[in-house]
Amino acid sequence: MATDELMERALAMLGDEDDDLASIEVIHRLSNAADIDAPMTIAEVADMLDVSPHTLRYYERAGLIEVGRDSSGYRAYDVEAVRRLVFLTRMRLSGMPMRDLQHYIELVDAGEDTVPERLDMLIEHRDMIRRRIRELTLSLAATEYKIATYGGRTGPDV
């Protein structure tokens with residue numbers, strides 16, 4: 001399933017609710033392992049996440065993910081690897097730098113004692129995302145204004 005389809009599913013599940021708990025539940029449902037036939041090939045994972053196989057190999061080389069191999073030596077992505085990649089691709093899309101992702105994964109791999117530091121990282125990143133959303137909302141309003149100025153149609157239904 002491509003990333004656009006995942007996002008459409010997530011947004012459809014959210015509906016008009018603006019509740020953080022509902023958002024968290026959507027992410028849990030999207031990353032449900034029952035929907036994933038493991039092991040998956042690199043091509044299947046790349047297609048599902050709408051990234052290139054090169055990107056997946058890069059994440060592996062960068063130490064963000066460990067991928068097993070099948071009897072022929074090909075990458076075999078298990079459920080946990082796919083779940084981690086869902087998280088990684090969402091964080092990259094939201095603007096988290098690779099060095100921060102690498103540090104975060106190092107903390108995850110270090111164990112439960114690092115939860116407070118991980119939480120701090122994610123809170124800081126969430127605040128950056130919210131700031132970007134506000135900035136993009138203002139940019140959208142300016143764009144809609146210009147479209148209307150030129151006689152074009154604007155609004156959420158267009």
Side-chain angles (χ1 to χ4, degrees), residues 1-36 44-66 77 79-158:
M1 177 179 306
T3 303
D4 290 342
E5 291 176 54
L6 276 172
M7 290 308 297
E8 285 177 25
R9 265 180 57 193
L11 293 172
M13 286 180 204
L14 279 176
D16 293 330
E17 295 180 36
D18 195 16
D19 181 19
D20 287 341
L21 292 177
S23 299
I24 292 168
E25 178 59 28
V26 167
I27 297 300
H28 282 287
R29 282 186 269 163
L30 284 175
S31 60
N32 184 355
D35 294 341
I36 300 170
E44 292 168 332
V45 175
D47 184 54
M48 181 182 107
L49 297 175
D50 199 25
V51 297
S52 69
H54 173 78
T55 298
L56 297 177
R57 288 188 294 271
Y58 173 70
Y59 286 172
E60 188 178 351
R61 281 193 313 275
L64 297 175
I65 187 93
E66 290 182 24
Y77 292 83
V79 171
E80 290 306 315
V82 173
R83 281 185 180 154
R84 182 173 277 192
L85 285 165
V86 168
F87 173 77
L88 293 171
T89 55
R90 295 305 88 207
M91 293 300 99
R92 287 295 294 147
L93 183 63
S94 68
M96 184 177 275
M98 281 298 291
R99 71 180 174 280
D100 290 352
L101 268 177
Q102 288 170 316
H103 182 63
Y104 180 87
I105 294 301
E106 287 170 5
L107 292 172
V108 169
D109 292 344
E112 291 298 313
D113 291 342
T114 66
V115 167
E117 188 175 350
R118 286 185 263 161
L119 178 60
D120 289 344
M121 284 183 74
L122 292 174
I123 289 170
E124 183 178 325
H125 187 66
R126 179 200 59 198
D127 294 346
M128 185 276 303
I129 293 170
R130 286 180 174 167
R131 184 173 46 255
R132 283 184 57 212
I133 289 170
R134 287 192 305 272
E135 291 168 353
L136 286 170
T137 300
L138 182 58
S139 296
L140 177 60
T143 303
E144 295 279 9
Y145 171 78
K146 267 307 191 191
I147 290 170
T149 300
Y150 296 134
R153 293 180 44 215
T154 65
D157 297 334
V158 178

>> Does Arg83 form a salt bridge (charged side-chain N to carboxylate O under 4.0 Å, His left out) with Glu80? I'd like the steps, not just the answer.
In response: CA-CA 5 Å; Arg83 281 185 180 154; Glu80 290 306 315; 3.0 Å; yes
>> Apply salt bridge (charged side-chain N to carboxylate O under 4.0 Å, His left out) to residues Asp109 and Arg84 and explain how you reach the verdict.
In response: CA-CA 12 Å; Asp109 292 344; Arg84 182 173 277 192; 3.3 Å; yes
> Run the side-chain contact (heavy atoms from CB on, under 4.5 Å) check on Leu93 and Thr89 step by step: do they pass?
Replying inline: CA-CA 6 Å; Leu93 183 63; Thr89 55; over 6 Å; no
> Do Thr114 and Val108 pass the side-chain contact (heavy atoms from CB on, under 4.5 Å) test, and can you show the C-alpha distance, the side-chain angles, and the key distance before you say yes or no?
Replying inline: CA-CA 7 Å; Thr114 66; Val108 169; 6.0 Å; no
>> Please evaluate residues Tyr59 and Met98 with respect to the criterion side-chain contact (heavy atoms from CB on, under 4.5 Å), reporting the C-alpha separation (whole Å), side-chain torsions for both, the decisive distance (0.1 Å), and the verdict.
In response: CA-CA 9 Å; Tyr59 286 172; Met98 281 298 291; 4.0 Å; yes
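Smallest separation of non-hydrogen atoms from Leu122 and Met91: CD2-SD, 4.4 Å. The two atoms that bring Leu107 and Glu117 nearest to each other are CD2-OE1, 3.5 Å, heavy atoms only. When all heavy atoms of Ser94 and Ile129 are compared, the closest pair comes out as CB-CD1, 3.6 Å. The two atoms that bring Ser52 and Ala46 nearest to each other are C-CB, 4.0 Å, heavy atoms only.
Residue pairs meeting the ring-ring contact (aromatic ring centres under 6.0 Å, His included) criterion with at least one member in residues 86-133, sequence neighbours excluded: Phe87-Tyr104.
Counting non-hydrogen atoms of other residues, nucleotides and ligands closer than 6.0 Å to CD of Glu124 gives a total of 12 or fewer. For CZ of Arg61, the number of neighbouring non-hydrogen atoms (other residues, nucleotides, ligands) closer than 6.0 Å is greater than 12.
Here Glu144 contributes atom CD and Thr149 contributes atom OG1; the two are 11.0 Å apart, rounded to the nearest 0.5 Å. Note: Leu101 CG to Glu106 CD = 11.0 Å, rounded to the nearest 0.5 Å. How far CE of Met96 is from CG of Leu88: 9.5 Å, rounded to the nearest 0.5 Å. If you take OG1 on Thr154 and CG on Leu140, they are separated by 9.5 Å, rounding to the nearest 0.5 Å. With rounding to the nearest 0.5 Å, the separation of CG in Leu49 from CZ in Arg90 is 7.5 Å. Atom CG of Asp100 and atom CE of Met128 lie 9.0 Å apart (nearest 0.5 Å).
Ile123 has its side chain within reach of Arg126: a pair of non-hydrogen atoms, C-beta onward, lies under 4.5 Å apart. At least one side-chain heavy atom of Arg118 sits less than 4.5 Å from a side-chain heavy atom of Val115.
For the pair Thr55 (side chain) and Val51 (backbone), a donor-acceptor distance under 3.5 Å is absent. Between the side chain of Gln102 and the backbone N or O of Gly63 there is no donor-acceptor pair closer than 3.5 Å.
The residues Arg132 and Glu135 are annotated as not salt-bridged, no charged nitrogen and carboxylate oxygen being separated by less than 4.0 angstrom.
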